[in-house]
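Chain naming here is simple, since letters A, B, ... match the order of the sequence lines and numbering starts at 1 in each.
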2 protein chains.
Amino acid sequence: MITSHNGPQPADFTDVRATNLAVVLRFVRENAPCSRADIAASTGLNKATVSSLVADLIDRRLLRETGLTEHRVGRPATMLVLDGSPYAAIGIEVNVDYITAVAVDLKGEELLNWRRSFPGGTSSAGQAVVAMAALARRVISRMTKEARQVLGLTVAVPGLVDVNGNVRVAPNLGWRDADLAGDLTKALRDPGFPVLVDNDANLAALAEHRFGPHRNAANLVYVTGEVGVGAGIVMDGRLRRGGQGYSGEIGHIELDPAGPTCRCGRRGCLEAVAGIGAILAHTAPDASPSELELEIDEVVRRARNGERDILALLEDVGRHLGRGMAAVANMLNPEVVILGGYYVPLAPWLVACAEEEMYGRVLAPGGGGCRLEVSTLGYGAAALGAAARVLDSVDSGRLPAQR
Amino acid sequence: MITSHNGPQPADFTDVRATNLAVVLRFVRENAPCSRADIAASTGLNKATVSSLVADLIDRRLLRETGLTEHRVGRPATMLVLDGSPYAAIGIEVNVDYITAVAVDLKGEELLNWRRSFPGGTSSAGQAVVAMAALARRVISRMTKEARQVLGLTVAVPGLVDVNGNVRVAPNLGWRDADLAGDLTKALRDPGFPVLVDNDANLAALAEHRFGPHRNAANLVYVTGEVGVGAGIVMDGRLRRGGQGYSGEIGHIELDPAGPTCRCGRRGCLEAVAGIGAILAHTAPDASPSELELEIDEVVRRARNGERDILALLEDVGRHLGRGMAAVANMLNPEVVILGGYYVPLAPWLVACAEEEMYGRVLAPGGGGCRLEVSTLGYGAAALGAAARVLDSVDSGRLPAQR
DNA sequence: CGACATTTGTTTGGCTAAGAAACTAACTAA
DNA sequence: TTAGTTAGTTTCTTAGCCAAACAAATGTCG
């Protein structure tokens with residue numbers, strides 16, 4: 001059944017074509033190498049239709065024929081695979097102390113991953129645009145040199161990004177009301193591909209949804225573990241941004257009215273009791289943002305050494321985290337909640353407690369089938385998701401123009 | 001853009017037709033009376049296509065031509081309206097002390113609204129099926145007498161209902177693992193229309209989404225105010241049920257580890273500090289479920305009289321409720337949170353406090369545009385939503401067969 | 001080895017349904 | 001009466017899916 005998801009929009013033949021092109025593309029992505037006959041059999045599309053769709057996709061160099069099948073009864077099949085080579089999707093993540101750029105091909109293979117230090121915490125949005133544009137230009141020129149067409153660029157920002165891609169507030173960067181997408185487009189002088197901006201947690205969720213081990217889950221939540229705690233929500237296979245794009249702001253869910261003071265001014269917020277800050281408040285109260293990674297390494301070292309107070313601290317944080325995740329699981333019933341950011345290195349000491357708390361608090365029998373897992377995508381999840389955002393629009397049928 | 005929302009499903013012409021029929025149907029629902037020319041102009045469909053679609057819908061008696069327009073320049077337009085008369089959708093709500101059945105026509109006009117007392121709290125699911133089937137048969141025969149074709153029947157159950165319509169747990173009814181949809185279909189002996197089961201909060205949310213004053217909101221949350229507190233979540237225009245169908249279980253979000261004990265055994269759950277039970281625990285600790293309505297009336301009377309202790313109690317509950325709703329608003333960023341059930345009569349004394357707490361706690365600027373409102377649909381919201389569930393499948397293109 | 005079975009992918013023709021443009025219809029205004 | 005305006009239909013074209021026949025390439029078995 002076809003359903004337009006942004007209100008009553010009529011459909012026509014080009015929509016059918018786009019839908020079916022996307023179906024074939026996604027099928028090959030998941031089942032490569034496969035033959036036209038496989039596609040027809042599995043999708044229910046007619047063989048003739050599949051041939052036509054595949055021809056179109058080969059013309060656009062999204063698919064490529066590889067060799068034939070080995071000895072079997074009947075005519076050997078021509079196998080098809082994704083042809084990543086002529087395209088690239090760019091994701092950029094801006095953060096307190098660095099900017100990361102990644103480029104991936106259609107398959108999601110990482111083509112480059114550049115990190116460049118940048119004083120995000122003390123720079124204006126304008127300065128960030130200049131820095132991002134410079135980095136982006138280098139990435140674009142590298143891609144061009146490799147004869148790849150850039151399909152799009154998405155920027156991941158730690159903060160509230162509205163549905164139009166304007167950054168409303170980015171507390172750690174000190175930005176307010178910045179039209180990042182517009183300014184960056186201008187700075188790149190009409191680059192000929194879409195430039196988008198989205199929240200980092202949203203994009204990390206997208207990365208998990210496309211590349212992670214739980215990519216089959218239609219409902220998942222990604223939780224960032226930085227100084228701030230945010231979430232990206234995928235429900236029914238798509239990112240859900242809410243009315244204005246501010247969904248997933250779980251950091252200030254109040255878990256304990258008698259808890260410690262949060263930087264938002266209230267008490268006992270999830271962020272204050274289970275954020276990375278809650279750990280560092282005990283171990284390195286004066287750490288600057290750029291030292292976070294080092295400090296966390298130190299916490300990991302001490303936990304490995306079995307230091308009692310650190311272990312107790314982590315258990316405590318884990319329990320609070322579990323309580324917060326129980327709220328998430330109760331409200332959204334996702335298949336999986338994925339912990340990211342600095343929760344990843346700390347996971348060995350956090351997750352058991354968190355899981356126990358969570359499962360004990362989820363109302364649905366068997367926890368509603370919701371698991372608590374740790375991200376395997378590393379720190380670059382948001383940048384990777386930003387690139388995935390570009391691929392998503394290809395997957396939903398907006399194919400690059402024919403050669 | 002067409003997007004199939006349950007995985008990669010190919011599209012063909014019948015999908016285009018179904019989509020466009022649904023577009024026209026929805027347009028007329030929202031803009032009746034209107035002419036074919038209006039439809040073409042607003043939807044972007046070609047005039048010829050609209051004529052063909054409208055002819056089809058008139059054939060199926062979903063639309064009807066009314067008179068012509070009054071004197072204007074040019075040929076007068078034939079106006080179109082929804083033709084509710086030949087169809088009916090049935091919604092049934094089963095509860096602790098009664099079963100409600102409503103029937104609506106295509107426009108959502110209520111055709112009947114029958115309430116029948118039923119000891120849900122002490123009856124088995126099997127007994128409930130017998131009672132529901134008896135009631136349903138009377139409704140069906142009444143509809144048949146009125147020459148209406150029944151398009152479907154949906155049952156609203158206060159409890160966890162999985163994605164297949166099985167009731168996993170319904171604490172207040174004492175049910176577990178009941179295949180209500182299957183059993184009711186059997187009891188009705190192959191009724192020739194779909195029989196579905198869903199959670200009451202989900203369906204009430206659907207009722208608000210279709211009939212309520214905020215029907216334009218693509219993102220809304222409906223909160224039940226009964227002994228239990230649950231939510232139905234609409235995001236991007238559709239009900240979001242989560243992985244197994246258990247989304248919206250906000251009643252046991254833990255707001256205060258030092259709070260009063262909840263019936264789930266833990267402390268400080270939203271339900272325990274802001275549920276209706278939290279009020280009655282102070283005013284009528286021994287009330288049985290069937291006396292709830294009376295007891296709430298009594299609370300309203302005393303609040304109207306300005307009794308200090310009652311007002312303080314309601315303010316306190318309102319503040320806790322506001323904290324819970326802040327968690328909802330932060331996580332989902334809906335356009336509106338709608339309070340239902342017994343919160344409605346108590347709203348005059350609850351909402352101001354709740355709003356204040358909520359707005360103060362929502363991180364997004366301006367509360368993320370999220371308002372707190374009170375349901376205007378009355379106690380029958382879930383039953384009405386159950387009927388709306390049936391209309392939804394018509395609206396998404398599954399039209400009844402041609403005459 | 002050759003006839004036959006099996007499987008793949010293409011070609012042909014038919015059908016559905018949307019769109020463009022011309023046309024008919026029914027009115028107002030002057 | 002004539003011109004202008006808007007509504008809705010008719011006719012024709014086109015996109016694109018499907019079914020069925022067919023061509024191609026291989027294995028199998030007598």
Side-chain angles (χ1 to χ4, degrees), chain A residues 1-2 4 8-24 27-28 31 33-59 63 65-80 397 399 402, chain B residues 1-2 4 8-24 27-28 31 33-59 63 65-80 397 399 402:
Chain A
M1 170 75 352
I2 296 179
S4 73
Q9 278 188 343
D12 65 6
F13 299 121
T14 62
D15 294 318
V16 173
R17 189 70 176 176
T19 304
N20 290 341
L21 284 167
V23 165
V24 171
F27 185 87
V28 176
N31 300 285
C34 60
S35 69
R36 291 169 174 81
D38 293 338
I39 300 171
S42 297
T43 62
L45 287 161
N46 188 280
K47 281 198 298 173
T49 309
V50 170
S51 273
S52 150
L53 292 164
V54 165
D56 213 348
L57 292 169
I58 288 177
D59 267 1
L63 295 187
E65 294 188 337
T66 64
L68 305 182
T69 35
E70 64 293 1
H71 351 279
R72 268 188 327 186
V73 172
R75 171 176 167 178
T78 348
M79 300 313 261
L80 300 165
L399 304 189
Q402 213 149 342
Chain B
M1 170 78 351
I2 296 180
S4 75
Q9 278 188 344
D12 65 6
F13 298 120
T14 61
D15 295 316
V16 174
R17 188 71 177 176
T19 304
N20 290 341
L21 284 167
V23 165
V24 171
F27 184 87
V28 176
N31 302 73
C34 61
S35 69
R36 291 168 174 81
D38 294 337
I39 300 172
S42 298
T43 62
L45 287 162
N46 188 282
K47 281 199 297 173
T49 309
V50 170
S51 274
S52 151
L53 290 164
V54 165
D56 213 348
L57 291 169
I58 289 177
D59 266 1
L63 295 186
E65 293 187 335
T66 64
L68 305 182
T69 36
E70 64 293 0
H71 344 280
R72 270 188 326 187
V73 170
R75 172 176 165 177
T78 344
M79 300 312 263
L80 299 165
L399 305 188
Q402 213 149 342

Looking only at heavy atoms, the pair that brings Thr43(A) and Pro10(B) closest together is O-CG, 3.2 Å
message: Run the side chain to side chain contact (heavy atoms under 4.5 Å, CB included) test on Asp15(B) and Asp15(A) for me, step by step, so that the C-alpha distance in whole Å, both residues' side-chain angles and the decisive distance to 0.1 Å come before the verdict.
response: CA-CA 10 Å; Asp15(B) 295 316; Asp15(A) 294 318; over 6 Å; no
Quick note, Ala37(A) side chain, CB onward, closest among dC17(D), dT8(C), dG19(C) is dT8(C)
Self-check item: Non-hydrogen side-chain atoms of Val24(A) and Val54(A) separated by less than 4.5 Å
Solution: yes
What does the list of N/O pairs under 3.5 Å between the protein and nucleotides 10-14 of chain C look like, with a distance for each?
unit_1: dT10(C); atom_1: OP2; unit_2: Ser51(A); atom_2: OG; d: 2.2

Under-4.0 Å side-chain N/O to phosphate OP1/OP2 contact, Asn20(B) with dA17(C): no
Of dG16(D), dA25(D), dC18(D), the nucleotide closest to the side chain of Leu45(A) is dC18(D)
Side-chain contact check for Val16(A): nearest option of dC17(D), dC27(C), dT26(D) is dC17(D)
Under the 3.5 angstrom rule, does the side chain of Asn20(B) hit a backbone N or O of Ala11(A) as a donor-acceptor pair? yes
message = Given 3.5 Å as the limit, does a donor-acceptor pair link the side chain of Asp38(A) with the main chain of Ser35(A), or not?
response = yes
Of the candidates dG19(C), dG16(D), dG9(C), the side chain of Phe13(A) sits closest to dG16(D)
Leu80(A) vs Ile39(A), side chain to side chain contact (heavy atoms under 4.5 Å, CB included): CA-CA, chis, key distance, verdict
CA-CA 10 Å; Leu80(A) 300 165; Ile39(A) 300 171; 4.0 Å; yes
On a heavy-atom basis, the closest approach of Pro33(A) and Met79(A) is O-CE, 3.6 Å
Query raised in the report: For Ser35(A) and dG9(C), is the shortest distance between a side-chain N/O and OP1 or OP2 below 4.0 Å?
Result: yes
Does dG8(D) have its OP1 or OP2 closer than 4.0 Å to a side-chain nitrogen or oxygen of Thr78(B)?
yes
Asp12(A) CG to dA15(D) P, in whole Å, measures 12 Å
Protein-nucleic acid N or O pairs under 3.5 Å, nucleotides 1-5 of chain C:
none

Which of dG19(C), dA7(D), dA17(C) is nearest the side chain of Ala77(B)? It is dA7(D)
Nearest heavy-atom contact between Arg36(A) and Val50(A) is O-CG1, 3.6 Å
Distance col, row Thr19(B):OG1 vs Phe13(B):CZ, nearest 0.5 angstrom, shows 13.0 Å
Between CG of Asp15(A) and C1' of dA17(C) the distance, given in whole Å, is 13 Å
Separation of dG16(D) atom P from Arg17(B) atom CZ, nearest Å, is 18 Å
